[in-house]
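Below is one structure, written out as structure tokens, with a few remarks after it.
Numbers restart at 1 for each chain; the letters A, B, ... are given by sequence-line order, proteins then strands. Remember, it's a predicted structure, so these values are computed and weren't measured experimentally.
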Amino acid sequence: GENVEQHPSTLSVQEGDSAVIKCTYSDSASNYFPWYKQELGKRPQLIIDIRSNVGEKKDQRIAVTLNKTAKHFSLHITETQPEDSAVYFCAASPRAYGQNFVFGPGTRLSVLP
Amino acid sequence: EAGVTQSPTHLIKTRGQQATLRCSPISGHTSVYWYQQALGLGLQFLLWYDEGEERNRGNFPPRFSGRQFPNYSSELNVNALELEDSALYLCASSRGGNTEAFFGQGTRLTVV
């Protein structure tokens, strides 16, 4: 089955700097990769996603890149702000029916003022 | 359009009792996923229902069970509660297949 690894587990950056979180997946059949942001005490919120037919997707200050050959994808946050502080989860969704979302263990991002 | 709703928000039970958690998906969504999130930890997959059937199950004991109703709402039942079952239980819904999934606010289950 699919296995998703995520690094780093914790990340501290200065406000205004960039943050990068990387995930690797094991199942080459996975074709959908969402990213979720979970603020303290709140539900995970979908912030961006990418499908395997696209190499990069951007939405304002956040972007996701996908390398199918190496089976890894990354979240990039530019010009970080204190409100970006949260736990970020990556996920992979295998194409085969009967497979559900497989989440990475999460990255706790702290943006320091 | 209403998002995914879960009830109750908080639930306190005694060890050995049974807990029932409910989830109403976004209108038009046929898939419901259940996850357990222990304090400060990741999302552990419990169950996936689609079109009324259980499609997949995570590595949890049989006392964790559930069902999906004809209106696509879902119920998670936890029997013989143990202290370590204390966690936030999150439900998510999607249109099925590899499409966007949206989470409910969760049910905080505390077993004492």
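- Put simply, V4(B) and L11(B) are part of two different groups of oily side chains (I, L, V, M, F, W, Y) that touch within less than 4.5 Å, one to the next.
- V54(A) and L66(A) end up in the same hydrophobic cluster when Ile, Leu, Val, Met, Phe, Trp and Tyr side chains are linked at under 4.5 Å.
- Here the CZ-CG distance, from F101(A) to L43(B), works out to 12.0 Å after rounding to the nearest 0.5 Å.
- Annotation for A101(B) and L46(A): closest pair O-CB, 4.4 Å, computed over non-hydrogen atoms.
- In this structure, the portion of L90(B) lying under 4.5 Å from any heavy atom of chain A is its side chain and not its backbone.
- Other residues, nucleotides and ligands place no more than 12 heavy atoms under 6.0 Å from the CZ atom of R15(B).
- In the hydrophobic clustering of this structure, Y33(B) groups with F102(B); members are Ile, Leu, Val, Met, Phe, Trp, Tyr whose side-chain heavy atoms approach within less than 4.5 Å, directly or through other members.
- Other residues, nucleotides and ligands contribute more than 12 heavy atoms inside 6.0 Å of the CG atom of L112(A).
- Around atom CG of L40(A), no more than 12 heavy atoms belonging to other residues, nucleotides or ligands sit under 6.0 Å away.
- Between chain B and the options Q45(A), R51(A), Q6(A), the largest number of non-hydrogen pairs under 4.5 Å is found for R51(A).
- Residues I21(A) and V4(A) share a single hydrophobic cluster, defined by chaining ILVMFWY side chains whose heavy atoms lie under 4.5 Å apart.
- Contact annotation for A92(B): neither backbone nor side-chain heavy atoms come within less than 4.5 Å of a heavy atom of chain A.
- Along residues 72-84 of chain A, no residue comes nearer than 4.5 angstrom to chain B, judged on non-hydrogen atoms.
- In plain terms, the two heavy atoms of L41(B) and F89(A) that are nearest each other are O-CZ, 4.3 Å.
- If you measure heavy-atom distances from Q44(B) to chain A, you find no contacts under 4.5 Å at all.
- The neighbour count for R57(B) CZ, taken as heavy atoms of other residues, nucleotides or ligands under 6.0 Å away, is above 12.
- For the residue pair D49(A) and E100(B), the shortest heavy atom distance occurs at OD2-CG, 3.4 Å.
- Counting all heavy atoms, side chain and backbone alike, Q38(A) lies closest to L88(B) at NE2-CD2, 4.5 Å.
- There is no path of hydrophobic side-chain contacts, each under 4.5 Å, that joins I26(B) to V32(B).
- Taken from OH in Y35(B) to CZ in F103(A), the straight-line distance is 4.5 Å, to the nearest 0.5 Å.
- Counted within 6.0 Å of NZ on K13(B), heavy atoms from surrounding residues, nucleotides or ligands total more than 12; the atom is thus considered enclosed.
- There is no contact between P34(A) and chain B, counting heavy-atom distances below 4.5 Å.
- The environment of D59(A) atom CG is dense: over 12 non-hydrogen atoms of other residues, nucleotides or ligands sit within 6.0 angstrom.
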